[in-house]
Structure formats: C-alpha cells, structure tokens
Amino acid sequence: MGDDRFRITKTTISMEAVVDQVVHRNAGAVSTFIGTVREMTGEKRTLSLQYEAYVPMAEKQLALIGDEIERRWAGTKAAIVHRIGKLAVSDVAVVIAVSAPHRNEAFEASRYAIERIKEIVPIWKKEQWDDGTSWVGNQKETVAYTDAEEGEG
C-alpha cells in the first residue's frame, strides 16, 4: 500500500486536504504548487486535457520524489496528488504541498517536486485543441506524437 500523501486520483483534488498532510509543529512554512489547465498555449486554444497514468508506478514515483525531498531538505514533509481523466480549462491537475522549517526550503522543494514529476512519473497528457488533438510525448513537453503515431506499440 502506498503512502496516502502520494496519490493519483480521478476526482477533484482537495487542496486543503493535501496541505493538511504536511503541516507539523516544526514547520515554519508550507509552500503549495497548484498546476491547472490553461486555455492558451501560444496561439493554440485548449478545450480540455486527458491525463492517463500507469497508476501503481506513478504513485511509487511520487513517493520517491517525496523521499528525495525529505532527504535533500532536512525537516521537510511533502505530499503530491495528481489528477487523471478529462480536465477542463482551469481545473486543478496537480497539487504539491511541502512544509519546511523555513520558507526557502519550502519554495525550493516545491519547485523540485514539479520538475521531478515531469522527469520520472508515468503520466501522459492528450491535448484537445480547438483544431484537433495531440498526445504530449513526455511531461517536459519536448516530444509530441503525431496522429500517425497514435495506436502504434
């Protein structure tokens, strides 16, 4: 069973519940990052996003990121919840909360978490544009799949 602080969900994320999982008596700061679905990406208009994940591996990787944070910044505690399924513009896709004794560590660790999610967590995103769709090949958005590649092994 995975740590409940690191979850993939198909339902709306409660930001307060994520924050509550990291608050503790020695925390002087809690930093949150909330990733939302934006409407415009350059000149392209997004209608919705479809997130899919290999859930057991994704949750394991989220917990790994939490371990990395707690080892790298002493006294921190992290929680990360990522939503999958179809999301509309302005929906919350991911919530990261990091508590730390001091604000600098909380900010740094929160930034670290979102960058690591994009590097190592198996979550894929299909963009529904107003003029078509495309799968984003990786979370760093450096690879895009064309329609011809969809369905290939």
Side-chain angles (χ1 to χ4, degrees), residues 2-24 26-44 46 48-129 133-146 149:
D3 190 328
D4 197 45
R5 290 182 295 148
F6 306 100
R7 293 185 296 112
I8 300 295
T9 184
K10 293 181 179 177
T11 61
T12 302
I13 301 170
S14 165
M15 291 173 270
E16 186 174 351
V18 178
V19 169
D20 285 348
Q21 292 182 305
V22 302
V23 172
H24 61 90
N26 292 319
V30 176
S31 177
T32 57
F33 174 84
I34 301 166
T36 59
V37 177
R38 70 174 166 265
E39 182 175 27
M40 299 302 296
T41 301
E43 299 296 317
K44 297 190 90 164
T46 298
S48 65
L49 295 180
Q50 177 75 33
Y51 285 101
E52 295 185 12
Y54 174 46
V55 174
M57 180 59 73
E59 289 179 338
K60 182 177 176 182
Q61 294 300 88
L62 293 176
L64 175 66
I65 293 167
D67 289 344
E68 290 173 351
I69 288 170
E70 291 170 18
R71 282 194 315 267
R72 190 168 177 165
W73 290 278
T76 58
K77 186 173 182 181
I80 306 169
V81 179
H82 201 297
R83 188 172 170 191
I84 58 173
K86 187 174 182 177
L87 280 67
V89 171
S90 298
D91 280 351
V92 173
V94 61
V95 174
I96 298 167
V98 179
S99 63
H102 305 285
R103 65 182 177 277
N104 282 343
E105 291 85 355
F107 285 133
E108 290 173 8
S110 181
R111 172 69 185 257
Y112 178 84
I114 190 63
E115 299 302 331
R116 287 294 281 159
I117 289 169
K118 291 178 176 284
E119 288 175 355
I120 68 168
V121 180
I123 297 173
W124 301 276
K125 178 172 67 175
K126 186 175 187 177
E127 301 258 7
Q128 176 66 54
W129 308 104
T133 62
S134 64
W135 280 99
V136 176
N138 64 9
Q139 287 284 321
K140 289 203 160 215
E141 301 183 9
T142 57
V143 178
Y145 294 115
T146 65
E149 292 171 316

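Note that the structure is a prediction, hence the values are computed from the model and not measured.
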Approximate separation, where rounding is to 0.5 Å, of [X] [atom1] and [Y] [atom2]:
X	Y	atom1	atom2	result
Gln128	Ser134	CD	OG	9.5 Å
Ile69	Arg116	CD1	CZ	10.0 Å
Ile84	Thr9	CD1	OG1	8.0 Å
Glu115	Lys118	CD	NZ	7.5 Å
His82	Ile114	NE2	CD1	6.5 Å
Ile80	Arg5	CD1	CZ	9.5 Å

Would you check if the side chain of [X] reaches a backbone N or O of [Y] as a donor-acceptor pair within less than 3.5 Å?
X	Y	answer
Glu39	Val89	no
Arg7	Asp4	yes
Glu70	Ala78	yes
Ser99	Val22	yes

[X] versus [Y], closest heavy-atom pair with distance:
X	Y	result
Phe6	Ala79	CE2-CA, 4.0 Å
Gln50	Trp135	O-CZ3, 4.3 Å
Ile65	Ile117	CD1-N, 3.6 Å
Met57	Pro122	CG-CG, 3.6 Å
Val98	Ala106	O-CB, 3.9 Å
Glu68	Tyr112	OE1-OH, 2.8 Å

Out of Leu49, Val95, Thr11, Asp91, which residue meets the side chain to side chain contact (heavy atoms under 4.5 Å, CB included) rule with Arg83?
-> Asp91

Check whether any side-chain heavy atom of [X] sits under 4.5 Å from a side-chain heavy atom of [Y], and report yes or no.
X	Y	value
Val55	Glu59	yes
Asn26	Pro101	no
Leu62	Val121	yes
Phe33	Ser31	no
Tyr54	Gln61	no
Ile8	Tyr51	no

Can you run down the side-chain hydrogen bond (donor to acceptor under 3.5 Å, both in side chains) pairs that involve residues 72-81, sequence neighbours left out, and say none if there aren't any?
-> Trp73-Glu108

Take Met15 and Ile34 through the side-chain contact (heavy atoms from CB on, under 4.5 Å) test and state the conclusion after the steps.
-> CA-CA 8 Å; Met15 291 173 270; Ile34 301 166; 3.1 Å; yes

Trace of the side-chain contact (heavy atoms from CB on, under 4.5 Å) decision for Ile123 with Val94 | CA-CA 11 Å; Ile123 297 173; Val94 61; over 6 Å; no

